[in-house]
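Structure first, then comments.
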Amino acid sequence: MKLNFTEIDKNVYDHIKSNKEISFEKLINNLEEDTDSVRRSLELLKDNNIISEQIKVINFYEISEIGKVAVKEGLVEKHFCDYLKNNVVKVSELKDLEINNFSKNDCSLAFGIAKNNNLISIEKGVIVVKADYDKLINKVLDNLKNIKEVSDQKVIDALLKRKLILKKQMTEKRYTFLEDADFEVVKDNTLFLSSKLLKSGEYKDIKFKEYEVSKLPKPKQIGRIHPLRQIIYYIRDLYLEMGFKEMTSPYVETSFWPMDSMFISQDHPMREIQDTFYLPDKGTLPDKELTGKIALVHESGGKTGSLGHQYKWDIEAAKQLVLRSHTTAATYRKFYELTDEEKKECKYFSIGKVFRNETIDSTHLPEFHHAEGFVIGKGLSLAHLIGFIKVFFKKLGIENIKIKPTYNPYTEPSVEVFAYLPSLGKWAEIMNSGVFRKESLEPYGIEGDVIAWGIGIERIAMLVYGKRNIKDIYGDECDIDWLRSYTLPPRKIK
Ligand code: PHE
């Protein structure tokens, strides 16, 4: 079949044919045609197997910022050797040596370089500079300045190691002529229909270039929502559908919010450095009215009938900044803000990052996500909590769960939920929950009963996506192909 070529198609064809092989850059420069048109011609020629395209990766080296400074101000070994030429320096004096504005590090660096490059020798403990040191150093400088022409890999490696140069890469497209084409040049092979052509009616007599519509374009690598984010949206939707309102709290907290505010004693193991990330500074606490009530409930139980922790509550310890270790901090910040109505009845949730000083394994990361929630209502009990757990996880499509009693300093009773992870062949905790203790509610004047929980989102994601390792879900070890191709299972119940 005869192909229809435009003038540009023919030019590109002729040019590649006469050159046999040519780079894209050269082609553009030589032809002086519009780049997009050349590209279109190349596609046509490629599609008809008249030419082939190769992509070549070219490595090259460029002087770095450090290198530029060295060229301008001289290499460290130059300053060092110049100094040695005029001063007697013993090896033992090296560590206290002061040369102009050299730092101690520069001195030992310069010594190392000078020694490796035979610019100095050591005679009876004294550093002696070689006569031809300037010549040797200038050679390094010359190489640095003309790095594009240097081909000796040893020289390149030495400069790279000193960070004086940087390795760069570029790709180059090249086209090779394959075989002659059977074509005719169609002069008025118009590409685009314009309003001018339409208005004048000229379009009726024009021969338009044919479009190839049978071929699909190559799939594009576009950004996608991260699979973990999908689970977060999914859980968030679920909460909103169930009538919960959203609450938030900062990552950096005074110990007060994730610990003291909820009756966690100041000597509780959760406060240990192994479990919580501490920051060096202290933060500010809410007003004295609240801290006073918290002190009272910790020290003697306040009016709750409890004896409290029987110690002196230390306000300074509560100011210490930490990375929040659970989103229950958001719950207690919300307790502090509730209206009188809400103190009797309300539902809130929060989804966010939490931080724990954990050893990393297949189900633990030091940074992960919690989906927190609480319900305040009259007469709420463990039975309601278990009812909620069953409904919530069923909605998420997770039905193979076990519920077992546990202990939390701020809830009584407390239960943990385990789900069977078929990918790991074992049960893993996906939720911790309970009914808040009176000691943790009284300072906020909450009259209703409160059920609450925290859900580990990465574990839910492992279940939903059938992954064996938490690092397959979150973090830089996630498989990029999976991130691009994963499918989210449909929700079972709306
Ligand atoms: N804060 C608990 C955790 O980190 C979860 C929880 C929240 C438990 C509320 C009981 C009540 O696992």
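The shown structure was predicted, so the numbers you read here are calculated from the model rather than taken from an experiment. First listed ligand is number 1; within each ligand, the first listed atom is number 1.
Looking at Thr411 next to ligand 1, no N or O pair under 3.5 Å apart turns up. In terms of polar-atom proximity, defined here as any N/O pair under 3.5 Å, Glu372 makes no such contact with ligand 1. Note: no N/O pair closer than 3.5 Å links Ser325 and ligand 1 by distance alone. Considering backbone and side-chain atoms alike, Arg356 places an N or O below 3.5 Å from some N or O of ligand 1.
Listed by number with element, the atoms of ligand 1 under 4.0 angstrom from any heavy atom of Gly454 are 5 (C), 6 (C), 7 (C). Remark: ligand 1 atoms within the under-4.0 Å shell around heavy atoms of Asn408 are 8 (C), 10 (C).
Proximity of Ser433 to ligand 1, defined as any heavy-atom pair under 4.0 Å, is confined to the backbone N, CA, C and O atoms. Of the heavy atoms in Asn432, both backbone and side-chain atoms come closer than 4.0 Å to ligand 1.
Between the side chain of Arg468 and the backbone N or O of Ser423 there is at least one donor-acceptor pair closer than 3.5 Å.
For atom 2 (C) of ligand 1, the closest heavy atom belonging to the protein is Tyr410 OH, 3.1 Å.
Taking the centre and axis of the six-membered ring of Trp482, the NZ or CZ atom of Lys467 falls inside the cone set by 45° and 6.0 Å.
In this structure, Phe374 has no heavy atom closer than 4.0 Å to ligand 1.
Ring centroid separation for the pair Tyr83 and Phe80 does not come in under the 6.0 Å cut-off.
With hydrogens and angles left out, the side-chain atoms of Ser306 and Glu439 include a donor and acceptor closer than 3.5 Å. With hydrogens and angles left out, the side-chain atoms of Tyr474 and Glu367 include a donor and acceptor closer than 3.5 Å.
The residues Arg40 and Glu43 are annotated as not salt-bridged, no charged nitrogen and carboxylate oxygen being separated by less than 4.0 angstrom.
For residues 261-294, the ring pair (Phe, Tyr, Trp, His ring centres under 6.0 Å) pairs, not counting sequence neighbours, are Phe263-His298, Phe263-His309.
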